[in-house]
Protein chains: 2
Amino acid sequence: MHDTAAIMRASEVKNASFIGKEVTIRGWVHRLRKQKENSFILLRDDRGGVIQCVLPTDKAAGLTIESSVQVTGIVSQDPRAPEGGFEIKGKELKIFNIAAEYPIGEYQSDELLLDKRHLALRTRKMIAMAKVRASVLHYGRRWFVENGWMEVTAPTIVKGAVEGGSTLFKLRYFDQDAYLSQSAQLYLEAMIFSLGPVWSLTPSFRAEKSRTVRHLAEFSHLEAEAPWVTLEDILKVEEQLVSYVIQNTIKERAEELEFLKRDVSGLKKVEPPFERVPYGRAIEILRSKGFQVTEDDGTKREIQFGDDLSIDSERELTKDADKPVFVVGYPIAVKPFYVKEDPEHPGIGLTADMLAPRGFGEITSGGQREDSIDSITSRMVKEGLKPEAYEWYLDLRRYGSVPHGGFGLGIERLVRWITNAEDIKDTVLFPRTMSRVEP
Amino acid sequence: MHDTAAIMRASEVKNASFIGKEVTIRGWVHRLRKQKENSFILLRDDRGGVIQCVLPTDKAAGLTIESSVQVTGIVSQDPRAPEGGFEIKGKELKIFNIAAEYPIGEYQSDELLLDKRHLALRTRKMIAMAKVRASVLHYGRRWFVENGWMEVTAPTIVKGAVEGGSTLFKLRYFDQDAYLSQSAQLYLEAMIFSLGPVWSLTPSFRAEKSRTVRHLAEFSHLEAEAPWVTLEDILKVEEQLVSYVIQNTIKERAEELEFLKRDVSGLKKVEPPFERVPYGRAIEILRSKGFQVTEDDGTKREIQFGDDLSIDSERELTKDADKPVFVVGYPIAVKPFYVKEDPEHPGIGLTADMLAPRGFGEITSGGQREDSIDSITSRMVKEGLKPEAYEWYLDLRRYGSVPHGGFGLGIERLVRWITNAEDIKDTVLFPRTMSRVEP
Ligand SMILES: [Mg+2]
Ligand SMILES: [Mg+2]
């Protein structure tokens with residue numbers, strides 16, 4: 001294990017106090033340059049750190065890219081050594097495995113890198129992405145723990161739809177049909193009656209037939225629900241959570257974000273409060289800029305009150321922002337049945353989406369849930385859903401219903417914004433999309 | 001939200017410093033006794049705490065079990081008051097919702113409680129179980145974070161089997177077939193080459209056609225994998241992890257475990273090291289007790305070297321133990337293809353299962369993985385698997401293979417042992433079994 005004192009990592013070795021000392025490091029041949037006398041190995045340790053190791057070429061003759069090795073040698077400083085000016089003058093080389101000819105070269109198509117994702121994870125870009133992701137998961141959970149919310153686990157295999165039937169994955173569950181969960185929300189709602197403010201972080205699934213840079217068929221969903229909350233209470237939680245995750249992540253992953261060339265000056269400004277833009281105002285802004293929407297038949301027209309916001313309209317609204325923006329009070333007609341109607345503004349939902357700045361789009365969606373049995377039943381009927389299929393969920397309104405609300409946050413969308421990743425596929429280790437379920 | 005100073009929870013109110021003071025508490029009517037003059041409400045707050053509220057019966061006339069209410073009144077001490085001798089002499093009652101006639105009474109069949117699981121979560125037993133579970137999840141993750149392991153997320157939708165094809169759930173993934181993951185292990189193995197010691201906590205799925213008190217079709221799987229580890233390294237991690245989770249959980253959930261009547265004196269003794277019993281010795285012990293196994297055709301015979309251990313044999317081996325026991329070195333014939341064969345003991349795997357004491361059975365399984373491309377390919381062929389279906393996994397042995405190992409821990413099995421639950425279904429909020437995918 002790594003705590004055996006003898007074996008070190010690159011980040012430990014690259015330290016002036018080790019100059020002239022003998023160290024042992026283990027890892028993989030990340031880059032290799034063989035000269036007549038000496039060979040230069042850029043060794044990647046098991047946390048993705050790298051350091052140059054110099055070995056006599058006769059010793060290193062058999063080495064190939066990605067061979068696994070252990071090098072013992074003397075640490076020295078050489079300004080020409082890449083990645084920090086330290087190198088190890090190798091005395092002993094132990095070889096674990098000579099890698100076959102490596103199928104990934106320096107310039108590769110994105111498709112090949114996705115086909116060989118199990119190997120592409122060894123690129124330093126993916127290593128940096130993975131570490132940022134780990135921090136986002138960690139601080140996302142930690143905010144809830146520190147603020148006294150209770151963790152729960154909702155099932156992934158379910159019978160009913162949350163977000164609509166068209167994006168459901170169907171599976172054979174013993175002798176019946178079932179589906180993969182689109183959201184834990186309905187289950188979290190059941191838990192607030194005895195566990196209070198609750199949260200979960202589980203995979204959600206959407207069989208979206210869109211090939212975009214912000215959709216995954218499987219994603220990590222951080223969801224929360226609490227009794228006796230207003231929409232404004234929920235927005236306060238969301239802006240605190242997102243700010244906390246970002247500030248801690250850019251501190252913990254400063255090195256990785258620098259490697260990814262992410263300028264974090266904008267992220268540093270992310271702190272509560274986030275601007276609340278009423279949906280009607282958002283439409284006005286878009287109209288004042290002549291924003292067009294495309295109808296199903298291909299014709300274009302100006303955006304109008306009642307339209308949902310597309311990624312293009314979200315980009316327009318946030319292109320100059322540094323902080324996320326809440327669009328508040330969408331028409332209930334464009335939102336799911338469980339969104340509570342604002343009693344003071346009929347037709348408007350007590351709901352908000354958080355849009356990340358600079359066009360990264362929606363990262364959370366949340367609000368108050370309809371708590372009246374009559375209202376929610378008639379909303380279901382209006383949307384063509386069968387209330388009978390939701391009997392257990394309706395029970396939550398029959399037995400001690402209380403005002404309540406919550407939200408869901410897409411981890412990958414948040415990671416995409418933090419890392420400035422062009423494609424959301426890079427925020428997960430093994431992406432699942434319409435065309436990709438392997439490796 | 002709960003941080004509005006005005007609203008308190010039962011555990012806060014039950015404090016001598018509040019006697020004579022006015023407080024407001026919110027929750028549900030957990031029990032109800034109406035007398036001529038006064039009505040006695042056992043109010044359950046949103047964290048499952050309870051306190052008696054006394055109200056004039058004319059005010060409380062319409063109340064029913066599980067109605068949601070808010071009571072304002074004066075805290076007083078009364079030794080007759082249940083659950084701690086405190087009560088609230090109610091002055092104001094606000095009703096959120098009068099519950100319909102509650103379908104769960106005091107004595108109900110297990111089946112009805114499972115059918116109404118969304119309501120049965122409000123029983124104090126399930127509340128206690130949920131809180132223990134939350135602590136186990138929390139400390140399970142925290143051990144890895146504190147010890148420098150990196151969190152990763154493996155996909156849940158996959159193409160290949162880890163544990164064998166008979167327990168796979170199949171689903172339609174756009175225009176192809178795919179499966180639900182049985183374990184993240186193969187993916188975790190891919191990640192050790194650049195992220196080092198890694199862990200994940202994701203759902204795993206087994207379409208087990210067994211109706212037992214220790215099988216779930218969907219379970220929470222805490223898995224870990226690391227490069228350059230021996231079997232003994234892995235066992236040390238496992239015993240430290242399990243001891244850490246247990247000691248922290250029994251401290252944090254002392255009240256809940258007491259409510260569940262769990263005597264924790266045995267659990268307090270759980271600390272490293274755990275006994276290592278070689279598989280061969282385990283068989284000898286069972287034979288010395290005349291332990292029988294039942295063949296597929298129903299005939300019985302004495303257990304012998306080469307047999308897998310059943311739950312009955314696991315119970316026999318651990319019935320007097322306070323600490324878990326590792327059974328080490330199973331024959332590779334009863335273990336999956338990826339288990340590494342002990343070079344010094346052909347036929348024996350560098351693998352171990354951790355058996356919980358008192359017959360709670362296997363809670364972890366782990367060991368070294370076969371790292372040679374030739375050995376693992378021939379093992380696959382011997383087990384009737386097609387190596388072509390595992391090309392990406394075999395690449396891990398082609399490009400820089402290193403000795404490595406890991407393990408998986410079933411969260412629900414650990415919770416079952418900690419809580420002494422008879423049925424594993426009680427360790428999850430919405431269990432998934434052969435006959436149950438709802439609610
Ligand atoms: Mg939207
Ligand atoms: Mg076993």
Side-chain angles (χ1 to χ4, degrees), chain A residues 1 26 28 46-48 66-68 96-97 99-100 102 118-119 121-122 127 130 134 137-138 145 150-157 159 169-174 178 187 190-196 203 218 220 227-229 233 392 395 398-402 428-430 432 434 437-439, chain B residues 1 26 28 46-48 66-68 96-97 99-100 102 118-119 121-122 127 130 134 137-138 145 150-157 159 169-174 178 187 190-196 203 218 220 227-229 233 392 395 398-402 428-430 432 434 437-439:
Chain A
M1 300 276 319
R26 234 164 18 188
W28 292 266
D46 72 347
R47 271 289 147 77
E66 286 302 322
S67 292
S68 44
F96 296 99
N97 175 262
Y102 202 56
H118 54 290
L119 302 175
L121 294 179
R122 304 179 188 185
I127 294 169
L137 291 170
H138 176 67
V145 171
M150 178 82 57
E151 179 176 7
V152 294
T153 314
T156 301
I157 306 180
K159 282 298 268 190
F169 284 113
K170 189 176 184 175
L171 78 144
R172 193 71 195 152
Y173 188 82
F174 299 102
Y187 290 96
M191 295 169 188
I192 61 168
F193 297 84
S194 51
L195 297 170
E218 173 173 355
S220 291
W228 291 295
V229 289
D233 291 331
W392 73 262
D395 273 356
R398 288 185 187 110
Y399 305 110
S401 189
V402 295
V428 280
L429 299 164
F430 291 93
R432 294 296 180 250
M434 197 176 152
V437 64
E438 264 187 308
Chain B
M1 302 266 331
R26 234 164 18 188
W28 293 266
D46 73 346
R47 270 289 147 76
E66 287 301 324
S67 292
S68 43
F96 296 98
N97 176 263
Y102 201 58
H118 54 292
L119 302 175
L121 293 178
R122 304 179 188 185
I127 294 168
L137 291 170
H138 175 68
V145 171
M150 179 82 58
E151 180 175 7
V152 293
T153 314
T156 303
I157 305 181
K159 282 297 270 190
F169 284 113
K170 190 176 183 174
L171 78 145
R172 194 70 194 153
Y173 188 82
F174 299 102
Y187 290 96
M191 295 169 190
I192 61 168
F193 297 84
S194 52
L195 296 169
E218 173 174 355
S220 292
W228 289 295
V229 290
D233 292 331
W392 74 262
D395 273 356
R398 288 186 187 110
Y399 305 110
S401 189
V402 294
V428 280
L429 298 164
F430 290 93
R432 294 296 180 252
M434 197 175 152
V437 65
E438 264 187 310

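By convention in this document, chain letters (A, B, ...) are assigned in the order of the sequence lines, proteins followed by strands, and residues within each chain are numbered from 1.
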- request: Output, in order, the C-alpha distance, side-chain angles, deciding distance and verdict of ring-ring contact (aromatic ring centres under 6.0 Å, His included) for B/Phe193 and B/Tyr399.
  value: CA-CA 10 Å; B/Phe193 297 84; B/Tyr399 305 110; 9.8 Å; no
statement: When the 4.5 angstrom heavy-atom criterion is applied to A/Ser67 and chain B, the contacting part is backbone
task: Please determine, among B/Leu137, B/Val152, B/Leu195, B/Leu121, the option with the most heavy-atom pairs under 4.5 Å with chain A.
output: B/Leu195
message: I'd like to know if the side chain of B/Asp46 reaches the main chain of A/Gly196, judged simply by a donor and an acceptor atom lying under 3.5 Å from each other, with no hydrogens or angles considered.
response: no
field: Interchain contact, A/Val145 with chain B, by part (heavy-atom threshold 4.5 Å)
entry: side chain
query: Is there a side-chain contact between B/Tyr173 and A/Arg432, using heavy atoms and a 4.5 Å cut-off?
result: yes
- prompt: Any side-chain heavy atom of B/Thr153 within less than 4.5 Å of one from A/Phe430?
  reply: no
- prompt: Would a 4.5 Å heavy-atom cut-off, applied to side chains only, mark B/Asp395 and A/His118 as touching?
  reply: yes
- prompt: In terms of heavy-atom pairs under 4.5 Å, which option from B/Glu218, B/Arg398, B/Glu66 contacts chain A the most?
  reply: B/Glu218
task: Below 4.5 Å from any heavy atom of chain B, which atoms of A/Pro155 appear? Answer side chain, backbone, both or neither.
output: both
Centroid-centroid distance, B/Trp228 to A/Phe96, less than 6.0 Å: yes
For chain A, the option from B/Val402, B/Leu171, B/Ile157 that forms the most heavy-atom pairs under 4.5 Å: B/Ile157
message: Heavy-atom cut-off 4.5 Å, strictly under: side chain, backbone, both or neither for A/Ile192 against chain B?
response: backbone
- line: Cut-off 4.5 Å, heavy atoms of chain B, and the answer for A/Ala178 is side chain
query: For chain B, which of A/Phe169, A/Tyr102, A/Trp28 has the most heavy-atom pairs under 4.5 Å?
result: A/Trp28
query: Is it the backbone or the side chain of B/Pro203 that comes under 4.5 Å from a heavy atom of chain A, or both, or neither?
result: side chain
statement: Pair count under 4.5 Å, heavy atoms only, with chain A: among B/Leu429, B/Leu119, B/Val437, highest is B/Val437
message: With chain B as the partner, which of A/Met191, A/Arg172, A/His138, A/Met150 has the greatest number of non-hydrogen pairs under 4.5 Å?
response: A/Met150
message: Test your reading of the model: is there a side-chain donor-acceptor pair from A/Ser68 to the backbone of B/Ser401, 3.5 Å cut-off?
response: yes
task: Before giving the answer on ring-ring contact (aromatic ring centres under 6.0 Å, His included), spell out for A/Tyr187 and A/Trp392 the whole-Å C-alpha distance, their side-chain angles and the decisive distance to 0.1 Å.
output: CA-CA 10 Å; A/Tyr187 290 96; A/Trp392 73 262; 4.8 Å; yes
